[in-house]
Every structure is written in structure tokens, then in C-alpha cells.
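Note sheet for the following structure.
We use all heavy atoms of the structure for the numbers below, so side chains are in, but hydrogens, waters and symmetry mates are not. Per chain, numbering begins at 1; letters A, B, ... match sequence-line order.
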There are 2 protein chains.
Amino acid sequence: MTIQQIKNFLELANELHFWKTAEKVFISQSTLSRQIRSLEDEMGIQLFERDKRNVKLTDAGKFLKEHWSATINELDQIHRQAKKIDEGMSGFVSISYPGSITFRFLPRFLETLNANLPDLKVELTEPTDENHEKLLSDYRTDIAFSRDKISNASIDSLKLFSEPICLVVPYNHWLNKKSLRDFNELQDEKFIISGLHQKTFFASLLRNFFNKHGFEPKTIIESDFGGMILNLVSKEIGISILPLSFKLAKVPNVRFVELDEEIDLYINWRKNEPNKTIKKVIEYVKLVKK
Amino acid sequence: MTIQQIKNFLELANELHFWKTAEKVFISQSTLSRQIRSLEDEMGIQLFERDKRNVKLTDAGKFLKEHWSATINELDQIHRQAKKIDEGMSGFVSISYPGSITFRFLPRFLETLNANLPDLKVELTEPTDENHEKLLSDYRTDIAFSRDKISNASIDSLKLFSEPICLVVPYNHWLNKKSLRDFNELQDEKFIISGLHQKTFFASLLRNFFNKHGFEPKTIIESDFGGMILNLVSKEIGISILPLSFKLAKVPNVRFVELDEEIDLYINWRKNEPNKTIKKVIEYVKLVKK
DNA sequence: ATAGTATAATGCAGAAAACGCATTAATTAT
DNA sequence: ATAATTAATGCGTTTTCTGCATTATACTAT
């Protein structure tokens, strides 16, 4: 039993005329006649009462006309949707990201995605565990934004942009770009930063930074959550170091002082990803970049 | 695109193994491989990602597995129902009947129908216009019960049973079978009967009856509705003549006095009726008969 | 009644498709 | 390296499908 056969049946059920119907569906009258016959045989159900002159639906035929018609419409709908998925116009991606891009890059990116792939469903996760390689290869995420460059034979990466890291201080704090001549002046400041023993990339970046400048910060609160850190700085509990992106959070009573140190953002995905949706999303990220 | 192809796809989508699936659906592995391929080509959608070793569903494939599965189940359901209709196990009949069979024959008949064809829908009409032939040929009714024999080349009839007609009197009325020696004794009785000028069969039967016995009844109320007549008799407003069947209405304070006159019940239907449901219903009526 | 017309079914022969066997090619396991 | 697994493919055969031409039948007009 062919979908086309059913469609032809529906056409005939409307026309009730073999010749006209055959013409309409671009087959010969004999073919149509035999198609309907074979449909009837296969189902073991008489669909039409026909003498040499008239064609009319049986009760079963009426019933099937109604229900098949509905089902065929459903099917067409389903096939259109499947086509969309196949073409990556719709579907599902799981994205993991560092908190710092919450305020500028990520919303822009999601906006672009939504404009171009309105049927796409996105799952966002802000992983505490930063093992991007494993997240990707275990299919727990499809696209991983990361601050560190990942070198792995089965992962493709692309650097999207760099941005300065900044000292984050309360508005009236003595410190500004010009006043800061020597980092040793920060000796007595109370820092609110990620625990330096952490294995996250940002922690190791901080570790390097303080090493380079030869002093150890006085850490009074440890936190990995930028939003939390900003609020503590705003309440003048201490100062911190964060990527410039956090400025966009627009927390009041906070100033960002750019340092001569940059941090990168990479996008990572499984090499040879066959999923068209994911590939398409990766293409769009290139449009947004910085 | 074949229904079978879709079913095979669904099987493969579960098994994710060509050889096992092919065995399960009783075709060769090569055929299955090509069927899936042709499905993919026809839809223009990749359903499986497969290398020489592994088979897995694409996103579009997952989507179609889910939705096709639902649709195929619906279709199977629809086909079962259509089969029922085709076999006359289900469907629709319109039945017209004279009020007199409301109390005994019709409920029995409907009970039998319901027991044997539980999915059958029945429309009952008690026509005031008694033109059964026209009702049938205009498809306003499928089965017409009638009191008169219908002679019409395109209508088949069957006599189901005969029953006496009765004088219907209040309980304490002087009249009974033995006391009634001569119909002229009814000269002074007040009758509640169908207008004798009416063209209904029962009216003409009454006309004949009174002619035969050579007197004209004193009619105080004209009515064609047995139920109404019975209630009026019960209130001792007059007496009437009705088929014995009305006794089953069990209206209180009413006695039936059988006369030596019978009335028939016929069932009528369109000759060569192709509708299996109707034909089946006609068969069942024969089981109930009397 | 009779001839004419409309229309679904059917015989036939050629075209296309489907099928299974055997084989190939690629991958994994030992 | 070798064997085993497994999806794809070439090929010949069988089956099915298709359209043309024709037939059979019922309705229409005269």
C-alpha cells in the first residue's frame, strides 16, 4: 500500500470519476482503476460501489476518506518538519559556556540563532566541571565555549575573540588605570577571587598573573561565580579580577580597570560532527564572533 | 513510499541492525538496505548514519521514528475500524417504524442488534407520512417496518408476523369477548380513533372493518398516536381499536378485547441493497421475527 | 426500441521495480 | 596479521506497474 495510492484514492473519493481523477493525478485511467482495485484487495475492503456508469463510496470508503485524509495531512506535516530537522533548520543543540559570556556574547549569539533558526531548541549549561573534552565526547554537550584552547584530536576548535581582564573595584576606590603603577600596591587589598588551587582555566590564569607580578593576593572570599563576585565588590567587601565582559552585567558601584592581559574565548565541537543542526549552529557563531 | 517500508524503517530504528531486522521482517538484508535507501532518497532526508559497522538514527530519523510510529498505529486502528464497517459489524442504519411496535417487537429487535453489532448506530424515525416506498428510495430510511404490504419492483418485503387487532376499553367497561355478540352493540360507544378519511394503512383497515360490520362509529377524538389514545381510554373518555401490541404499553385501567381480525407487520428494504450493514440488519430481523 | 455516448474494466506487451544471491568493502576483535 | 562482522552493491530473475487499445455495460436522446 503506497502513500500515493491513498492520495489517489482520496482524489477519486472527491471526484467520483475515474477518468477525471486519472487526468488530475497524471496517470492513465486503467492504472487508476487497477490501483484502486489493488487497494481494495489488499485491505480486503470494498471502497467504492461502481457499475460501468457510476462511482460512489461505500460506508467503509466514506470512513476511510475522512480518516485517511486527516492522516495524510498529518504525515505531510511530519515530513515537512523532518525535512527541517534534516536541513538543520530545527532540532536541538546543547551548549555549555563560561559565565563571563552571559552578558554580551551569549545573548547576541542566541539572538542570531533564534532569528535564523526559529525552530531550534537550545539547552544551556554552565558547567562547574570544566572538562570540555569529556562533555563533548560523552555527548553531554554539543557545543562548548571555553576560555582555554583545547587540543584534542577528536575536537575542532575556533578562537572567537580576546578581551582584557580587569581589576574590578568599587566606584570610589583609589585605584584607576593611571594610579596603578606597580602591582605591589595591591598587596594590602582584599581579593574576592576563585580559589587559586582550583584547576579551572581562569584560576590558573590568575595564578600565572600573580606569579608574574611577584606577589600573593590576600583572598578573603573564594568564589567562581562572577555575578556573586560583582555584588560583593559592589558592597565594597573587596576587589576582584574578571574578564571585561562582566562589565555588561551593569552592577552598580563597580568600576572595571583594564589590565594588559588578555583572555580568549574558544568554541569547541566534535570533529566530523554529522548533525546538520550542530554544524549550522557552528556556522552562525562565526557570524557573531566578537 | 510504502506503508510496509515505513514499518520496516520502524523495525530497523529499534534494532539498529540491518541483518537482524531483515530477518525479522522476512526480507533479505540487501532488500532492506535498498528499501531504506530509497526511503531516504524519496524523502530527501537522511534517516540513519551508517558506516560499514554501525547504524544509528539521525535527528530527523529519531523524529520520524516517533511520529511515524504514532501514525502507523493510528492507521492500523483506522483500518480495523474500516474493516468492521465493510463487514457490516459497524456503521449506520436508519429505521422507520409504526408506533405499535414500540412496546414489544422493536425493543427486542434493537436488543438483538446491539448484542450482535455493538458498534452499530441506529436512527429511529416514526414517520407520520407513511409513504414507505418514497422514504426508502430517497434514502431517508434504510429499513421500513410497515403494516401494509408494499408492492414495488425496487423494494423487497418480508412479512414478519400477524397479530389481532383489539377493542381497547376501560377496565370496568361492560364489553368483553363473550358479551360482544353483535358489533351493532357498539353503536353508542364513543370512539377515539384515527380519522377515517386518513390515508394511512391503519385508517383504511378501520374503514374496512366498520364497513364490514355495517355501522359508522361515533368518533369523539381523532388521533394517530397510540400512546395518546391509550391514555384517553384509561381516563374513560372513550374506547378504541388498536393492534394487540399496544397491550405491552401496560397503561393502567385498560383492557384489550381481541377481535377476529388480524394486522400484519412487514419489513421493507431497497432491492439489491449493496450496503452490508443494512443487509446484515435484515438478516438479524429474521431471527427475532414474532 | 435503437443508436449513440459515456465510462469503468481488461487483455496485452513492454518498462520498471523489487528481490535475493553472491560478493565486496570497511571495520572491529583476537 | 587474521578472522569475523556487517552494510553496500553488481547482477540476473521474477514480479509488478503502466499505458494503449479494446471491451462491456449503462444511460441518453431520438
Side-chain angles (χ1 to χ4, degrees), chain A residues 1-58 60-62 65 137 153-154 270-272 274, chain B residues 1-58 60-62 65 137 139 153-154 270-274:
Chain A
M1 192 185 320
T2 305
I3 303 291
Q4 189 55 46
Q5 248 174 320
I6 295 179
K7 287 183 177 174
N8 293 349
F9 161 82
L10 289 174
E11 202 58 54
L12 179 60
N14 278 323
E15 287 286 343
L16 295 177
H17 194 290
F18 276 78
W19 192 77
K20 282 186 203 163
T21 306
E23 202 170 43
K24 210 162 190 174
V25 299
F26 305 109
I27 57 176
S28 72
Q29 174 265 317
S30 69
T31 299
L32 179 61
S33 176
R34 270 186 277 243
Q35 262 189 23
I36 299 296
R37 171 67 56 93
S38 99
L39 202 54
E40 289 179 321
D41 288 350
E42 190 176 348
M43 310 244 326
I45 296 177
Q46 187 165 358
L47 301 174
F48 294 95
E49 284 159 29
R50 40 204 192 284
D51 50 37
K52 299 275 168 180
R53 193 80 187 168
N54 292 302
V55 180
K56 60 188 278 244
L57 283 163
T58 60
K62 281 179 206 158
K65 175 190 172 184
S137 64
S154 63
R270 288 180 289 275
K271 194 165 259 169
N272 302 323
Chain B
M1 192 185 321
T2 303
I3 302 290
Q4 189 56 45
Q5 247 174 320
I6 296 178
K7 287 184 177 173
N8 292 348
F9 161 83
L10 289 173
E11 201 60 54
L12 178 61
N14 278 324
E15 287 287 342
L16 294 178
H17 195 291
F18 276 75
W19 193 78
K20 282 185 203 163
T21 305
E23 202 170 43
K24 212 164 188 175
V25 300
F26 306 109
I27 57 176
S28 72
Q29 175 265 318
S30 68
T31 299
L32 179 62
S33 177
R34 270 186 276 244
Q35 262 188 24
I36 298 295
R37 170 66 55 92
S38 98
L39 202 54
E40 289 180 321
D41 288 350
E42 190 176 347
M43 309 244 327
I45 296 176
Q46 187 165 1
L47 301 173
F48 295 96
E49 283 158 31
R50 41 202 191 284
D51 49 37
K52 298 275 170 184
R53 195 77 187 169
N54 292 303
V55 181
K56 59 188 279 243
L57 282 163
T58 60
K62 280 179 205 155
K65 175 188 171 186
S137 63
Y139 284 81
S154 62
R270 287 179 291 275
K271 192 165 259 170
N272 302 325
E273 174 65 61

Here the distance between atom C1' of D/dA7 and atom CG of B/Leu47, to the nearest Å, is 16 Å

Sorted by position of nearest nucleotide on DNA chain C, 5' first, the leading residue of B/Gln29 and B/Ser38 is B/Ser38

A/Trp19 atom CH2 is separated from C/dT7 atom P, nearest whole Å, by 9 Å

- prompt: Does the A/Thr21 side chain pair with the main chain of A/His17, one donor and one acceptor, at a distance under 3.5 Å?
  reply: yes

Do A/Ser30 side-chain and D/dC20 base share a donor-acceptor contact under 3.5 Å? yes

Check the phosphate of C/dA9 against A/Arg50, side-chain N and O only, distance under 4.0 Å to OP1 or OP2. Yes or no? yes

Atom CG of B/Asp41 and atom C1' of D/dA8 are separated, to the nearest Å, by 13 Å

A/Gln35 CD to C/dA8 P, in whole Å, measures 15 Å

B/Arg37 CZ to D/dG10 P, in whole Å, measures 11 Å

A/Met1 CE to D/dC17 P, in whole Å, measures 13 Å

**Request:** Output yes when B/Glu23 and B/Lys20 qualify as a salt bridge under the 4.0 Å nitrogen-oxygen rule, no when they do not.
**Result:** no

note: A/Gln5, atom CD; D/dC17, atom P; distance rounded to Å ~ 7 Å

When rounded to the nearest 0.5 Å, the distance separating CZ of B/Phe48 from CG of B/Leu12 is 3.5 Å

ask   = According to a strict under-4.0 Å criterion, is A/Thr31 in side-chain N/O contact with OP1 or OP2 of D/dT18?
value = no

*Given side chains that start at C-beta, do those of A/Ile36 and A/Arg50 come closer than 4.5 Å, heavy atoms only?*
yes

Out of C/dC12, C/dA9, D/dC11, minimum distance to the side chain of A/Arg34 belongs to C/dC12

The answer to which of B/Phe18 and A/Ile27 contacts DNA chain D further toward the 5' end, by nearest nucleotide, is B/Phe18

Closest of D/dA7, C/dA8, C/dC19 to the A/Val55 side chain is C/dA8

Among the nucleotides D/dA7, C/dT10, C/dG20, whichever has the atom closest to the side chain of B/Ser28 is C/dG20

Taking for A/Leu32 and for B/Lys20 the nucleotide of DNA chain D with the nearest heavy atom, the one nearer the 5' end belongs to B/Lys20

Requested in this report: Look at the side chain of A/Gln35 and the backbone N and O of A/Leu32, then say whether any donor-acceptor pair between them is shorter than 3.5 Å.
Outcome: no

